[in-house]
Protein chains: 2
Amino acid sequence: MNVSQYVISVDAMGGDNAPAAIVAGAQAAVRTFGDIRLLLCGKREALEGAAGERISIIDAREVIEMEESPMIAVRKKTDSSLVRALMEVREGRAQAAVSAGSTGALLAGGMFKVGRIPGIDRPALAPVIPGLKGPVLLLDVGANVDCQPKFLNQFGLMGAAYMTGVLGIENPKVGLANIGTEEEKGNKLAKETHALMKNQTSYNFVGNVEAREIISGETQVVVFDGFDGNLILKYTEGLASAMSKMLKEELLRDARSKFGALFLKPALKRFKSRMDYREHGGAPLLGVDGALIKAHGSSDARAIETAIGQARNMIKNDVVGKIRAGVAGLSNPDDKGEK
Amino acid sequence: MNVSQYVISVDAMGGDNAPAAIVAGAQAAVRTFGDIRLLLCGKREALEGAAGERISIIDAREVIEMEESPMIAVRKKTDSSLVRALMEVREGRAQAAVSAGSTGALLAGGMFKVGRIPGIDRPALAPVIPGLKGPVLLLDVGANVDCQPKFLNQFGLMGAAYMTGVLGIENPKVGLANIGTEEEKGNKLAKETHALMKNQTSYNFVGNVEAREIISGETQVVVFDGFDGNLILKYTEGLASAMSKMLKEELLRDARSKFGALFLKPALKRFKSRMDYREHGGAPLLGVDGALIKAHGSSDARAIETAIGQARNMIKNDVVGKIRAGVAGLSNPDDKGEK
């Protein structure tokens, strides 16, 4: 086996539990994955003892805080742990980067430091939620508001490439989130996007998906304008937490329920964990010319290890290459010259 | 007490369980509410025996089916149970109408047969969902896609008037669904709408509401573009049903859980019923010049009785009048002349 085949840079200072959880997650990841090498970016003195056989330290003197303006922070803090990690990708010393820091800064840095894949207009943030029949990738969930139809068409390709490359789903079904299944349904954006998606040849478009069907898991990639996707993702968070609370209230309402609930602690814990999309790893930022993973801000070592594993699979299965190769099929060659 | 103060027309042929459930619901409603009189619209022979002291039959020979084009059906089927019910409102013989039939046909009929309140551009469909701290009205959930900022500003007024008039909530908090709480967040529509809402004087605008906060019930009216509101509402349906399934799976996974679950049947039933927004009555179509209630298609007699009660409260507390009176305050008089 070719040791250290995949090089991943890690923002060691990003996230609520940085740097301790990031370092612990990195150390766990190199034990789990024999074929990765990690570049930990952060203040050298804060990362003391973290370096090892397949972990190197890259000294970065600045940290981008959550409340900073992402665009300004990424432009000015060139010695920040995030920008250093991204520059490793840009300059070809790493093929992937992982950060649990500011989402906005990762988006800005992905766009302006790493750069887009040729033919892709906008990168998209693409978390996976647990559907009844399997995982569902939602994109975009907030990197872009006011999308154009061609952005959404590109999202379809990007989502399909990720689901094939990282989750091993061959020819995943891609749907457009809409208020009805019929082709003529929806707002102006949805109608124009539907027409583009129907005519491309790069991925398996199955038509409009009504929101009540998303969680079924029948359609593995669901495409949204970033404004709508963000509403849906955050609503999921709120609803899952509210439903846990309501359930708890009902279980404690009378003696009979209380008695039964005693036996249910493990089952209820499993239920809560299934509903929590944050336990299902980080979200890739797709469309940039490298494998970028946004780990949740509250990530512990286990979550960081999972996110590093996702980055590894993105490299190993060449998700960027799959997107690059699919761009040509986004507009139907038969349509050329007519427009 | 002034008997038969409130006259409500009822589409007796609309919905999965029509006409039997509609007739039974109407009969229950006149027993519950001593101050209403009902006009049951439908085929006379199908409604045999339904007439009574405060229930009259209005013969209507046609029925609008679910799969018909709403606009065409409403225009052509002038002798349908729905159009007859709406014409009773238009011509002043009833102040409210209830239908469990096609949502699209009710929207088209509300707009073109009953007509809008002066100063309101678009009617909005406004269901109530159960929040943790109390009911939350969502509008619009699908009557209008591609909204303009002024439509959303009007929705804020309409939602507040309904929550005050029908649910008795004084000065309800009205929020704009958005991807962040800061004023400058969101897409073009959200930013422009925020500016209008901030400057109006007709209702209590509390700013942007992130989707994860909707279900908390802190904000009693949440305003959406109809496309987004429809996604959120249908997603709620799907998620509630998926979560019940996941919970059931976890409860049946091992012997210990199965034993505990035996004691939990009533608690789990209460939980399911709390999550089901359809049990919380029909949705008003706000902004039309009459009190129109869309009952769920699968309504049973109890749901129809509830919907008739909502229509009664809309009349009794003059929701239409409150909306009419609020229109003047939608644009800040101080801004006049500057634009």
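The shown structure was predicted, so the numbers you read here are calculated from the model rather than taken from an experiment. Order of the sequence lines fixes the chain letters, A, B, ..., with proteins taken first and strands second; residue numbering starts at 1 for each chain.
For A:Asn178, the parts lying near chain B are the backbone and the side chain together; criterion is any non-hydrogen pair under 4.5 Å. Only the side chain of B:Ile214 comes within less than 4.5 Å of a heavy atom of chain A; its backbone N, CA, C and O stay farther away.
Counting heavy atoms from C-beta on, the side chains of B:Lys294 and B:Leu285 never come closer than 4.5 Å.
Remark: side-chain polar atoms of A:Thr219 are not paired, donor with acceptor, to backbone N or O of A:Val221 under 3.5 angstrom. No donor-acceptor pair closer than 3.5 Å links the side chain of B:Asn144 to the backbone N or O of B:Cys147.
For B:Lys173, the NZ atom is loosely surrounded, since the number of other residues' heavy atoms within 6.0 Å does not exceed 12.
For the set A:Asp254, A:Asn187, A:Asp225, the count of heavy-atom pairs under 4.5 angstrom toward chain B peaks at A:Asn187.
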